[in-house]
Amino acid sequence: MQDWLSPAEWEAVRLSLRVALWATLFSLPLGLAVAYALARWRFPGREVLNVVVHLPLIMPPVVTGYLLLLAFGIKGPIGGFLDSTLGFAFAFRWTGAALAAGVMAFPFMVRAVRLSIEAVDPKLEQAAATLGASGAWVFLTVTLPLILPGIIAGTVLTFAKGMGEFGATITFVSNIPGQTQTIPLAIDLLLETPGGEARAARLAGLSILMAAAALAFSEWMARRVAARVGGR
Amino acid sequence: MQDWLSPAEWEAVRLSLRVALWATLFSLPLGLAVAYALARWRFPGREVLNVVVHLPLIMPPVVTGYLLLLAFGIKGPIGGFLDSTLGFAFAFRWTGAALAAGVMAFPFMVRAVRLSIEAVDPKLEQAAATLGASGAWVFLTVTLPLILPGIIAGTVLTFAKGMGEFGATITFVSNIPGQTQTIPLAIDLLLETPGGEARAARLAGLSILMAAAALAFSEWMARRVAARVGGR
Amino acid sequence: PSVARAEVVTVFAAASLTTAMAEIETGFEALTGHDLAVSLAGSSALARQIQQGAPADVFLSANPGWMDTLEIDGLIAQGTRRDLLRNTLVLIAHDAQHPPVEIVPDMDLAAMLGDDRLAMALVEAVPAGIYGKAALESLGQWEATAPRVAQSNNVRGALALVALGEAPYGIVYATDAAVEDAVSVIGTFPAETHPPIVYPMAGIAGHEGAAQSALLDYLQGAEARAAFARQGFAVIAD
Amino acid sequence: MLEVRLSHSLGALSLDVAFEAPRGVTVLFGRSGSGKTTIVNAVAGLLRPESGRIAVGERVLCDTAQRLHLPPHRRRLGYIFQEGRLFPHLSVRQNLRYGQWFAPKGARPEDMARVVEMLGIGDLLARRPGALSGGEKSRVAIGRALLSAPRAILADEPLASLDEARKAEILPYLERLRDEVDIPILYVSHSASEVARLATTVVALEAGHVVAQGRAEEVLGDPAITPLGAREAGAVLAARVVRHHADGLTELDAGGAALWLPRVDRPEGADLRVRIAAHDVIVARGRPEGLSALNILPGRVQTLREGSGPGALLAVDTQAGRVLARITGRAAAALDLGPGAEVHMVIKAVAVAQADIGTAR
Amino acid sequence: MLEVRLSHSLGALSLDVAFEAPRGVTVLFGRSGSGKTTIVNAVAGLLRPESGRIAVGERVLCDTAQRLHLPPHRRRLGYIFQEGRLFPHLSVRQNLRYGQWFAPKGARPEDMARVVEMLGIGDLLARRPGALSGGEKSRVAIGRALLSAPRAILADEPLASLDEARKAEILPYLERLRDEVDIPILYVSHSASEVARLATTVVALEAGHVVAQGRAEEVLGDPAITPLGAREAGAVLAARVVRHHADGLTELDAGGAALWLPRVDRPEGADLRVRIAAHDVIVARGRPEGLSALNILPGRVQTLREGSGPGALLAVDTQAGRVLARITGRAAAALDLGPGAEVHMVIKAVAVAQADIGTAR
Ligand SMILES: Nc1ncnc2c1ncn2[C@@H]1O[C@H](COP(=O)(O)OP(=O)(O)OP(=O)(O)O)[C@@H](O)[C@H]1O
Ligand SMILES: Nc1ncnc2c1ncn2[C@@H]1O[C@H](COP(=O)(O)OP(=O)(O)OP(=O)(O)O)[C@@H](O)[C@H]1O
Ligand SMILES: [Mg+2]
Ligand SMILES: [Mg+2]
């Protein structure tokens with residue numbers, strides 16, 4: 001195994017997992033909140049929020065990466081603020097890669113969760129309210145469990161995207177081995193190199209294996225959830 | 001307006017719309033079939049199909065584009081076959097760009113539709129069967145109308161992706177003005193060009209406007225559907 | 001111009017030639033009556049597409065490596081390959097007031113960087129990155145600076161990083177640096193520190209004909225030279 | 001004729017039943033959870049029994065021995081579900097028409113206008129089910145099943161959430177269906193008056209097993225079987241309409257004895273089944289005079305069953321047939337009632353409730 | 001005390017009601033679609049009325065004039081929904097416990113074990129609602145509301161899909177709740193026996209408007225108002241348990257007159273309300289002898305109302321109170337009944353149904 005992939009490539013694998021994991025962890029609550037707002041509330045700016053959420057899908061990834069760079073770079077308003085106040089930086093770090101992956105996957109997360117929220121019968125939520133559950137509790141004890149299928153779908157899409165994001169990542173945080181060189185960036189590098197195809201294929205295969213494992217896990221989870229709700 | 005965008009850029013806009021439209025049109029029925037199979041049937045190879053559907057998400061777009069090139073290029077097994085039998089080609093034509101967009105958006109289409117299918121109450125389908133509707137009719141008259149929200153979500157995601165797909169497209173069908181140069185490819189080129197940022201921003205803005213219109217339309221559709229089902 | 005024999009001629013050109021190719025398209029079409037289609041993308045993508053039968057008549061690569069690959073595959077029309085353009089490598093800085101730096105073996109690039117990043121194109125894959133790495137190696141700077149390098153997938157990406165100030169320094173082509181106001185060139189890498197930066201051009205096998213020859217000729221002609229030169233390229237004379 | 005033989009286990013319930021539902025209405029009753037819906041689901045084809053055979057007339061719907069299991073849509077049974085199951089995306093009108101889309105060419109479905117009128121859902125046709133009231137939903141569900149030109153009707157507590165007045169409008173329609181249309185109806189109900197009024201055949205279930213079955217008159221008139229609880233015991237008499245009188249009463253002839261009822265909306269000469277609830281009958285030794293009750297039937301006590309409580313169930317053979325009476329043990333003792341005793345059965349005309357009058361098969 | 005004043009329009013229905021529900025059970029009835037569920041929803045806070053005021057005791061839940069609208073979770077009303085609405089992702093036990101999680105610290109909820117036992121859902125606790133039978137679902141829904149330590153109970157046809165035997169187990173529990181626990185219960189029902197047995201107050205609705213309201217005895221005993229239909233008219237008498245006799249009968253004292261009933265499960269001295277359905281009473285001029293009926297109350301005719309049909313409703317003042325009797329016009333003529341006539345009301349002991357005996361408030 002050791003010579004099957006180079007140490008740098010193993011590093012890329014580790015990094016990809018970390019990036020995908022954190023991208024998923026962070027976009028989940030935010031995606032949930034945005035999906036809930038879009039599904040249930042009517043507020044000024046709703047249409048704008050909806051478009052903004054979909055932007056990463058519409059624009060070439062390079063543009064998204066460039067905009068991220070403008071906003072979250074060290075010189076950018078948000079990145080600069082975070083850097084000066086918390087000492088936390090996205091630029092040229094794996095955190096930035098996770099941010100890019102999360103942003104790129106955000107439309108899918110939001111859509112999946114939103115679809116599920118829209119399918120929840122408000123009558124059940126009303127029933128919970130008559131039993132004394134306040135809005136937050138209704139969400140936690142009724143809505144959330146019922147939208148688990150959507151959350152699982154969104155999570156798995158985000159994780160997969162986190163494993164596969166390329167364009168926005170390389171534009172935003174460059175390709176720094178051990179810092180931001182995730183599997184897709186490593187693969188791209190190999191493909192740019194004449195004769196790198198075989199090694200690229202190995203990396204791609206590994207990436208597919210990991211994603212397949214994540215998928216199988218999510219399917220298993222989804223089946224459990226379905227079985228619970230179906231009452232079997 | 002004429003000098004606001006160059007004729008080549010208008011061409012890119014027209015092309016993008018065409019590509020997004022056809023990508024959506026073609027992936028819709030296929031996505032529906034795959035989503036239905038994954039949601040309802042247990043068959044050997046189900047897990048594999050599931051992974052294959054998600055592949056475009058996991059792999060860097062360049063890899064997907066490269067694989068498309070290998071399979072659907074003129075020299076590729078499928079592309080060669082289509083070319084020799086039907087005289088139909090994907091390679092370096094807008095059809096190829098549509099294929100790339102469709103493939104890249106496929107995971108989202110399938111996920112969205114599948115989520116909706118899993119949320120349909122089988123008791124309603126049973127009721128339709130007792131009233132004499134065979135499987136196909138049950139699907140057409142009950143399942144399909146009830147999963148419209150998922151179909152709309154999948155369609156809008158595919159359309160948006162069709163407007164924004166870059167990596168797989170440029171790898172698969174190159175960047176040929178009037179043939180395969182969609183808005184994202186044009187934007188990317190402008191960004192490669194010294195001083196092209198302003199023009200790139202204009203194109204991006206137009207692209208966002210069109211996608212926002214598509215989004216607004218889809219929201220309107222979804223509201224209508226929800227109102228129908230909700231009985232208001 | 002023999003409009004009667006007008007054809008569509010397709011050239012696959014490295015994305016860094018975008019502006020020059022636009023001028024050349026106009027001039028070539030006016031001169032020959034042929035319709036010129038220009039496909040601009042990364043050299044590796046273009047080379048792969050040609051391997052897969054892309055309808056290219058002429059390939060203009062930013063990288064001799066990919067041209068070699070095609071040549072080995074027998075995809076290049078006999079005797080059409082030429083080195084067309086030459087470029088130089090420069091060190092750029094975000095700071096407009098930055099004093100010039102002498103690019104010599106005893107410079108201390110790592111010290112200049114401190115905790116910051118040096119923006120480059122992919123040092124293993126993209127020509128500008130490969131050349132840059134070679135130059136730093138021959139100057140004895142690579143080992144110290146390598147951990148501080150941020151690699152973009154093309155030169156424009158590296159340029160953008162410096163232009164935005166995310167990275168204080170970068171190594172790019174002179175042609176790119178020339179058109180970006182937000183960066184200043186603080187040094188030029190001596191030609192002997194890296195292999196010659198050449199853009200080879202060739203006709204594609206199976207597409208030989210009058211149109212292909214016309215384009216190859218035009219690209220080496222005076223009008224094209226002028227266009228390339230306006231973008232800062234050095235045109236290699238025959 | 002619907003023949004059902006099933007065994008199936010579902011969670012804690014192990015179902016093992018066999019019964020026949022001839023022409024007319026077969027009422028299935030039993031406590032909550034005794035397996036009624038499960039049986040109906042199996043008949044409809046929504047549940048594949050572990051073993052058993054189900055046939056409607058000549059047509060075998062399911063036979064596990066032959067590995068035959070006709071899919072639901074080829075059974076053409078109009079199923080009125082316990083929970084409505086209206087299609088939320090279709091209007092009430094489209095819901096009602098749904099079955100007609102798939103009815104075979106030759107089928108002559110019920111008249112839409114008539115069913116709509118009977119169910120009182122004319123105003124709802126353009127609405128969607130989402131905003132209907134509970135009773136409105138169940139009425140639409142009834143209409144949808146009736147209009148699908150079914151070969152048999154399966155009704156799972158169809159009237160449970162309807163008010164008396166609406167029930168009174170729907171029951172005669174179901175009776176007509178039972179009498180005029182030659183299709184079996186399998187009917188789940190908890191309501192004594194529905195059972196008495198509609199049932200041709202009665203099947204009583206307990207924990208997945210049949211504990212009593214047979215013709216309604218027999219099962220309901222048998223003092224040993226009080227499947228609906230002692231309070232609901234009652235006999236069913238066959239009678240014929242003799243004449244409608246000007247004061248609003250209808251004179252019936254029950255085996256030669258006259259019975260007076262509030263106007264019965266059937267032509268003279270029509271055959272009826274009249275249920276006389278055991279608790280509505282007063283027993284007298286001598287012929288009582290000066291009572292507001294119009295019907296007094298002399299007879300002879302057949303059996304006297306004392307229950308565990310203070311009540312006793314008296315079966316009396318009269319000219320009109322066997323009549324049950326529920327009396328207290330104290331009264332039985334005071335009147336010295338025992339088998340063979342001559343008695344008079346006092347039945348108020350109005351005590352023969354409208355709901356308990358059915359037209360004979 | 002629950003005070004409700006509402007106006008709201010919903011589709012074709014325009015609701016405009018005002019009523020008070022004092023301690024005890026207020027039964028709301030009316031035909032399907034008359035607005036019962038809409039009213040209950042407004043009380044629960046699920047519907048914001050266009051205008052109106054709703055208060056439980058001192059606590060105002062909603063007052064559109066003050067723009068006050070307490071959210072449902074701060075009203076703490078135990079709502080038993082018409083359609084169950086169990087949480088599909090929770091087990092039956094978790095469904096039952098759900099309300100307790102949010103009950104205020106001080107609240108003393110009903111005893112879980114007792115409620116589970118009464119509802120017969122002990123075996124279902126670990127199951128999920130998806131696979132419950134219709135009646136099982138409705139029982140769990142009842143339990144969930146009862147166990148949430150509510151300030152008032154809203155029950156929308158809670159017993160509609162239950163069998164008689166199960167109803168007979170739940171009704172006494174609801175009675176106890178009514179009598180022992182000081183919370184108002186708003187109860188939607190179509191069932192005459194539920195109304196008679198539980199109702200302290202009756203509110204009759206028609207197309208969104210109150211057509212009759214008042215104390216159950218008054219509304220149900222008033223021959224001019226027969227809100228459940230003429231067939232369900234009946235009077236309610238106040239009585240006290242005197243003695244339980246060895247033969248299983250219980251002797252009651254109703255205003256000095258003796259009434260005999262099958263054993264009533266209340267201690268001697270307890271106050272009861274006994275409903276006597278008008279169609280269960282036979283009227284005689286002279287005192288009848290030799291009848292199985294144990295209760296014969298002499299009295300004087302107060303009013304005689306002839307209906308459009310053959311029936312007449314007789315209100316007779318007896319020592320025990322006003323008793324209604326439904327007789328035929330022919331019998332009224334034959335017996336020469338009119339206001340002032342001296343008559344005997346013959347009531348079978350068993351005709352005073354168990355279900356129609358309530359404990360007094
Ligand atoms: N959202 C709505 N839009 C239009 N009409 C509605 C809506 N909700 C209820 N209605 C109508 O208002 C009327 C009253 O409904 P409600 O549910 O209160 O009736 P109900 O008295 O509870 O009847 P049931 O006994 O059948 O349950 C019905 O005719 C119903 O169709
Ligand atoms: N999928 C299932 N898994 C386990 N038990 C089940 C399942 N479906 C039904 N049951 C149980 O089988 C029993 C019979 O259910 P069924 O629905 O036939 O009852 P029912 O007689 O129709 O009762 P009701 O009058 O309450 O509707 C119930 O106890 C129910 O809980
Ligand atoms: Mg059932
Ligand atoms: Mg209702």
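To find a chain, count down the sequence lines: A is the first, B the second, and so on, and within it residues start at 1.
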When every non-hydrogen atom of D:Ser133 is compared with those of E:Gly33, the smallest separation belongs to OG-N, 3.7 Å
Proximity breakdown for E:Leu291 and chain D, heavy-atom pairs closer than 4.5 Å:
both
Could you give the distance from OG1 (E:Thr328) to CG (D:Leu261), rounded to the nearest 0.5 Å?
10.5 Å
Quick check: are there more than 12 heavy atoms from other residues, nucleotides or ligands sitting under 6.0 Å from CD of E:Glu342?
yes
Contacting moiety of E:Gln82, where chain D heavy atoms sit under 4.5 Å
side chain
For chain E, which of D:His344, D:Lys167, D:Arg285, D:Arg139 has the most heavy-atom pairs under 4.5 Å?
D:Arg139
Is it the backbone or the side chain of E:His245 that comes under 4.5 Å from a heavy atom of chain D, or both, or neither?
side chain
Only pairs of heavy atoms separated by less than 4.5 Å count here; which of E:Arg31, E:Lys137, E:Glu136, E:Glu157 has the most with chain D?
E:Arg31
Whatever's closer than 4.5 Å to a heavy atom in chain E on D:Ile282 counts as both
By a 4.5 Å heavy-atom criterion (distance strictly below it), what part of E:Ser32 contacts chain D: side chain, backbone, both, or neither?
both
